[in-house]
Structure formats: C-alpha cells, structure tokens
Amino acid sequence: MKFTAKKALVALSLPLFMAACTNQGNTASAEITATDLQHHNWQLTHVDGNAITVEENFQAPNLEVGEKMTANGNAGCNNYFGQGELEDGKFRIKQMGMTMKMCPDNAMQLEQAMSATLSDWADMTLTKDGMTLSNDVHTLTFKLRDWVN
C-alpha cells in the first residue's frame with residue numbers, strides 16, 4: 001500500500017477535526033477570557049450536583065461580572081462584591097467583601113458554599129447558557145440570566 005502526502009494530511013487532520021467537533025457549545029477552560037464573563041449574570045442552580053432550594057423571602061444566589069471584571073451578587077443571604085480574576089481557566093473573587101446578616105440555616109449553607117468557592121481559585125467551564133465553577137471543596141452550577149445594562 002502506497003502512503004501519499006494526501007493520505008498523510010488526512011491522517012494528521014482527523015484528530016484535530018474530531019476534537020473540534022466534540023467541544024461545540026463549550027468554552028474550554030484555557031480559552032475563557034474576561035470578555036466572555038463581563039456583562040453577564042449567572043444564577044446558582046446546583047451545589048455539588050444537588051438542586052438548590054431557596055428560602056421563602058430570599059433570592060437564589062447569583063454572580064454578576066461587570067466592566068473591568070468587577071464581581072458582585074447575592075450569596076444566599078448576604079450580598080458580596082470584589083474584583084474578579086481569571087487566570088489559566090480558573091476564576092476567583094479577590095478580596096471579597098460581604099454584608100453580615102444572619103439568615104436561616106439553608107440560606108447560610110448556600111452562602112458558605114458560594115463564598116468558599118468564589119473566594120478561592122476554581123476551574124471554570126462556560127457553555128452558551130451556563131457556567132460551572134469547581135474546586136476541591138464544591139462544584140457550583142449556574143444558568144445564564146439576562147443581563148441588565
């Protein structure tokens with residue numbers, strides 16, 4: 001069997017083509033940029049694979065990333081704010097500040113998971129309608145909400 005340059009090109013191109021097809025709709029961690037995050041608002045839906053429950057008179061935790069990577073939102077009970085950082089597909093909120101209200105246990109548990117994950121480096125995965133932040137402690141799953149300019 002003859003091995004031609006054309007066959008070699010096809011053989012070398014096939015793995016690249018297959019890799020490109022398997023990543024449709026996802027932004028690989030190393031490819032995420034500040035532009036991908038800015039001017040978006042994500043609502044928490046799951047912690048460690050479990051759907052969250054929101055206490056009556058409370059809102060679902062969320063993460064908003066604004067101009068120049070400013071980050072803020074509600075962690076389940078208290079509001080938080082800080083400077084978002086993105087490095088090598090990982091995200092964190094540097095020097096995160098937070099209000100200090102006491103809330104029911106469920107809201108405080110959500111808040112602890114949110115603050116522990118957001119204040120430390122977490123691997124980030126983006127899709128067209130969601131985001132996942134994952135570190136050694138928790139995995140947070142968010143859905144994309146409409147951004148209000």
Keeping [X] on the side-chain end and [Y] on the backbone end, is there a donor-acceptor pair under 3.5 Å?
{"X": "Asn135", "Y": "Asp120", "value": "no"}
{"X": "Asp129", "Y": "Leu144", "value": "no"}
{"X": "Thr45", "Y": "Lys143", "value": "no"}
{"X": "Gln38", "Y": "Lys68", "value": "yes"}

Quick one: are [X] and [Y] in side-chain contact, heavy atoms under 4.5 Å?
{"X": "Val65", "Y": "Thr70", "result": "no"}
{"X": "Thr125", "Y": "Met131", "result": "no"}
{"X": "Leu37", "Y": "Trp42", "result": "yes"}

On a heavy-atom basis, which atom in [X] and which in [Y] lie closest, and how many Å separate them?
{"X": "Ser119", "Y": "Met96", "value": "CB-CE, 4.1 Å"}
{"X": "Glu55", "Y": "Asn106", "value": "OE2-CB, 2.9 Å"}
{"X": "Phe58", "Y": "Pro104", "value": "CZ-CD, 3.5 Å"}
{"X": "Ile52", "Y": "Pro61", "value": "CD1-CD, 3.8 Å"}
{"X": "Ala107", "Y": "Gly76", "value": "CB-O, 3.5 Å"}

- [ ] Given side chain to side chain contact (heavy atoms under 4.5 Å, CB included), test Met69 with Gln83 step by step and report yes or no.
- [x] CA-CA 6 Å; Met69 293 288 289; Gln83 183 62 46; 3.5 Å; yes

Open item on the list: Taking Val137 as the starting point, is it possible to reach Met114 by hopping between hydrophobic residues whose side chains are less than 4.5 Å apart?
Closed with: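 No, Met114 does not connect to Val137 through the hydrophobic network.
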
Calculate, to the nearest 0.5 Å, the distance between atoms [atom1] and [atom2] belonging to [X] and [Y] respectively.
{"X": "Phe142", "Y": "Leu63", "atom1": "CZ", "atom2": "CG", "result": "5.5 Å"}
{"X": "Leu44", "Y": "Gln59", "atom1": "CG", "atom2": "CD", "result": "12.0 Å"}
{"X": "Asp123", "Y": "Leu133", "atom1": "CG", "atom2": "CG", "result": "9.0 Å"}
{"X": "Asp48", "Y": "Leu140", "atom1": "CG", "atom2": "CG", "result": "7.5 Å"}
{"X": "Asn72", "Y": "Glu64", "atom1": "CG", "atom2": "CD", "result": "5.0 Å"}
{"X": "Asn78", "Y": "Phe81", "atom1": "CG", "atom2": "CZ", "result": "10.5 Å"}

Task: Qualifying salt bridge (charged side-chain N to carboxylate O under 4.0 Å, His left out) pairs with a residue from residues 91-115, counting only residues at least two apart or across chains - done: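 Qualifying pairs, neighbours excluded: Glu85-Arg92.
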
TODO: Report the C-alpha separation of Thr139 and Val47 in whole Å, then their side-chain angles, then the decisive distance to 0.1 Å, and conclude whether the side chain to side chain contact (heavy atoms under 4.5 Å, CB included) test is met.
DONE: CA-CA 6 Å; Thr139 297; Val47 174; over 6 Å; no

Open item on the list: Can you pull out every disulfide (SG to SG under 2.5 Å) where at least one residue sits in residues 39-124? Sequence neighbours excluded, please.
Closed with: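 Qualifying pairs, neighbours excluded: Cys77-Cys103.
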
Open item on the list: Just by distance, no angles: are the side chains of Asn79 and Asn74 close enough, under 3.5 Å, to form a donor-acceptor pair?
Closed with: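 Distance-only check passes for Asn79 and Asn74.
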
